[in-house]
Amino acid sequence: MSMATRLFLSNDTSARAAGAGPVADAWSDRPEVQLIRTSSRGAFFLEPMVERDSPDGRLAWFNVTPQDLPLILSGTGGTPVRSIPFLAQQTRFTFADFGETEPLALDEYQARGGLQGLETALRRTPDAIIEELRVSQLRGRGGAAFPVWNKWKVAQQAKADEKYVVANADEGDAGTYCDRMILEGDPFRLLEGMLICARAIGANRGYVYCRQEYPAAAATLRAAIHKADEAELLDLDGEFFPIEVVEGAGSYVCGEETALLESLEGKRGVVRARPPYPAQAGLFGRPTIVSNVLTFATIPNILSRGGAWHAALGTEQSRGTMALQLGGRVKQPGLVEVSFGLSLRQVLDQFGGGMAPGARFKAVQVGGPLGSLFPASQLDIPICYEAFAEAGAVLGHGGIVVYDHQTDMVDLARHFMAFTAHESCGKCTPCRIGSVRGREILERIQAGSGTVDDLVLLADLGETMKVASLCALGGRAPYPVLTAIEHFPAEFRNRLRT
Amino acid sequence: MQKQVNEILAQARSEPPNILQALLVLQEKLGHVPLEAVPEIAHTLGTTTAQVAGVLSYYPDLRVTAPGRHLIRICMGESCFANGCGRLLREVQDRLRIDMGETAAGGKVTLDTMSCAGNCAVSPTVIIDRDLYGRVLPSQLDAMLERYK
């Protein structure tokens, strides 16, 4: 009998949702198959995707069902992974190994260059690590886009008995999933980034605040921490650096850094007024670096390749690559890691592959539920922080959701305001009251009893929320609503009482 | 009740006491956090009933009533919205004759929504208990719900 053929199948939550589970179940007892469960390449429109090694690198079969096994074992009909346009046109660094490796195989992680960033950091002084980050011009990838080195410098210089590193794994922006992919698919990259940060600021303890909606992510990460501990990686200058996974309880605003810290302390996830910033006084009042998962996962490459390498990618104010996450009514939803600077249109055409069958483009939303809507006429905007800031929009965490011709913009606007009304933490009045009034106005318009005055009131309310809210939830909530009205005014006017 | 609550909390002790994590442990063991247990929880954690009640009422995932035997969650995230989660929700409501947040007669199922499951590239998403389904079509609902009878 010949040796079993090694077949690779993703174990990512979305790959399983697409049907990887039944494929794995059906093949698990087949002696001719050795099934290896990997992370996902993020080409989710092709999942479940099965791969095997060949002289041309990996060969892939798309949208596989259990019945496809004979075909795959015979080696016919496979596509070389490197010739899949969706993947070949990307600039992958943080996600380079996705789809290749087993998430918890530490030896594989290391064999592909993992831990080199940490080794570099351990050889350097904290000042030199922070200098490398400054040169890299890395900005936080969670949404606020604050220069990472700056936060680290503040925390490093703060005097305290304890300091903390907190990874924000509360990826609540609807339409985003790159953090989930990292947590489930490459957890050592996150841990390595956190350890580098801990070494730079002199932290004693790390936390990963993981949303309850990601059970597989939390389980994988806990297993990874256990493995890292066994391999004695959680050791900084002879001191044990414990990292703990703490799960949330379904509150969106806990993705905001100060609300997250309140929640980590076990309290209501209510936003704190800043300053002081967490880097000065964060968890239990101690200096704390809170960064998003993708940000930490970007750091190992910066240390191993150098800050100048990172700064050479992207645009003037946006260096490096961004993980864009395509969703909604595009033909090819999935993860797209590219250097900053491509236009929104390029991303939708080149990677999104146009619209899903039967769908016609209406609008695209960038930056999660608080992100602005763009109509077809505004797709030439480059994807970078400066262009989005100029347009009064945000890149946020890189979520891109496409809406088709069937979308009712009034209903969508109501959906956004209802979301904020539901998720507002209640600390500041503009958000707590404003979002409820905004939802009520939109419900009135939707029911056909709204007036022109309601649209004026909504615009007024939006401006108040923008300037007076304590955090980005209230401050950004009006943007999708007001851009919906701006670009599709007739839909709102036609619903008004005459 | 009091004894049971104390036993569970004794296993979840932390320094300083963490109200949210204590409530999550209680919910994991009991299925929900009974309101009548709040004074006992506060006493055990060395805090006030107001603090505990505040945390309990704040988080969407904490329940004060027992959920049904099965929990159905429909994702309402933007990608799911673009891909028809509104219709899915209406169809599930019609089939089960319950509204969002309600439990069907006999305690069989509870219906809830969620703001995003992070499954946006394979949307729309329905989660039943620990099983996550993607690319869900209304025509698949009957067979899907049948599995959780």
Side-chain angles (χ1 to χ4, degrees), chain A residues 13-19 42 44-45 47 171-177 179-180 211-215 217 246-252 254 263-270 284 325-329 333-335 356 365 368-369 399 401-404 406-407 411-412 415 419 422-423 425-426, chain B residues 12 14-25 27-28 33 45 47 50-63 73 75-87 112-127 129-136:
Chain A
T13 292
S14 282
R16 282 188 278 119
F44 288 111
F45 58 103
E47 295 281 9
E171 184 172 51
D173 273 5
T176 67
Y177 45 86
D179 291 351
R180 183 186 58 66
R211 63 201 298 256
Q212 162 285 135
E213 291 85 345
Y214 287 179
V246 178
E247 285 178 80
S251 163
Y252 171 78
C254 286
S263 187
L264 255 187
E265 293 179 11
K267 302 172 188 164
R268 290 165 68 95
V270 172
F284 302 115
Q325 299 129 82
L326 297 182
R329 297 292 284 154
L335 178 99
Q365 185 178 23
V401 175
V402 174
Y403 299 97
D404 72 8
Q406 293 185 39
T407 309
D411 189 37
L412 185 61
H415 172 81
F419 171 80
H422 184 255
E423 299 294 345
C425 80
Chain B
S14 68
E15 193 50 49
N18 188 306
I19 301 172
L20 173 58
Q21 294 308 316
L23 295 179
L24 283 172
V25 171
Q27 175 156 296
E28 167 128 358
V33 182
L45 296 177
T47 182
Q51 293 285 354
V52 175
V55 173
L56 182 54
S57 64
Y58 183 81
Y59 290 94
D61 290 344
L62 292 173
R63 301 174 174 278
R73 290 186 292 174
C75 181
M76 291 281 130
E78 272 67 62
S79 186
C80 289
F81 189 96
N83 280 301
C85 70
R87 185 174 159 207
D112 234 330
T113 55
M114 62 194 299
S115 63
C116 182
N119 186 46
C120 321
V122 190
S123 58
T125 303
V126 175
I127 300 181
D129 301 335
R130 289 186 171 268
D131 305 327
L132 186 145
Y133 299 91
R135 297 178 189 147
V136 179

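Reminder, nothing fancy here: chain letters follow the sequence lines and each chain counts from 1.
- Taking CD of B:Glu78 as the start and CD of A:Gln365 as the end, the distance is 5.0 Å to the nearest 0.5 Å.
- You'll find the side chain of A:Ser263 reaches within 4.5 Å of the side chain of B:Tyr59, heavy atoms only.
- In this structure, the portions of A:Leu412 lying under 4.5 Å from any heavy atom of chain B include both its backbone and its side chain.
- Only the side chain of A:Tyr214 comes within less than 4.5 Å of a heavy atom in chain B; its backbone stays farther off.
- Rounded to the nearest 0.5 Å, atoms CG (B:Leu62) and CD (A:Gln212) are 10.0 Å apart.
- For the pair B:Cys120/A:Gln325, no side-chain contact is recorded, criterion being any heavy-atom separation below 4.5 Å from C-beta on.
- The part of A:Asp173 that comes within reach of chain B is its backbone (N, CA, C, O), which places non-hydrogen atoms under 4.5 angstrom from that chain.
- Listed options B:Pro60, B:Gly77, B:Cys75 were ranked by heavy-atom pairs under 4.5 angstrom with chain A; first place goes to B:Pro60.
- Only the side chain of B:Pro16 comes within less than 4.5 Å of a heavy atom of chain A; its backbone N, CA, C and O stay farther away.
- A donor-acceptor distance shorter than 3.5 angstrom exists from the side chain of B:Gln21 to the backbone of A:Glu247, with no hydrogens or angles considered.
- Contacts between A:Pro369 and chain B at a heavy-atom distance below 4.5 Å involve backbone atoms as well as side-chain atoms.
- In this structure, chain B has a heavy atom under 4.5 Å from the side chain of A:Arg211, while its backbone stays farther away.
- At a 4.5 Å heavy-atom cutoff, the contact between A:Val402 and chain B is made by backbone atoms alone.
- Interface remark: A:Ser251 contributes backbone and side-chain atoms alike to the contact with chain B (heavy atom separation under 4.5 Å).
- Aromatic ring pairs are classed by plane angle as parallel below 30°, tilted from 30° to 60° and perpendicular above 60°; the pair A:His415 and B:Phe81 is tilted.
- The distance from the CZ atom of B:Arg135 to the CD atom of A:Glu47 is 8.5 Å, given to the nearest 0.5 Å.
- In terms of heavy atoms, B:Gly118 sits closest to A:Ser14 at O-OG, 4.0 Å.
- Listed options B:Ala121, B:Ser123, B:Ser115, B:Gly86 were ranked by heavy-atom pairs under 4.5 angstrom with chain A; first place goes to B:Ala121.
- Counting heavy-atom pairs closer than 4.5 Å to chain A, the top residue among B:Cys80, B:Ala22, B:Ser79, B:Ala117 is B:Ser79.
- Heavy atoms closer than 4.5 Å to chain B are found in the backbone of A:Glu265, but not in its side chain.
- B:Asn119 CG to A:Glu213 CD: the interatomic distance, rounded to the nearest 0.5 Å, is 12.5 Å.
- Contact of B:Leu132 with chain A is made through backbone and side chain together, with heavy-atom distances under 4.5 Å.
- In this structure, the side chains of B:Ser57 and A:Arg268 come closer than 4.5 Å at one or more pairs of heavy atoms.
- Here the straight-line distance linking atom SG of A:Cys254 with atom CG of B:Leu20 works out to 8.0 Å at 0.5 Å rounding.
- Under a 3.5 Å cut-off, the side chain of B:Tyr58 and the backbone N or O of A:Lys267 do not form any donor-acceptor pair.
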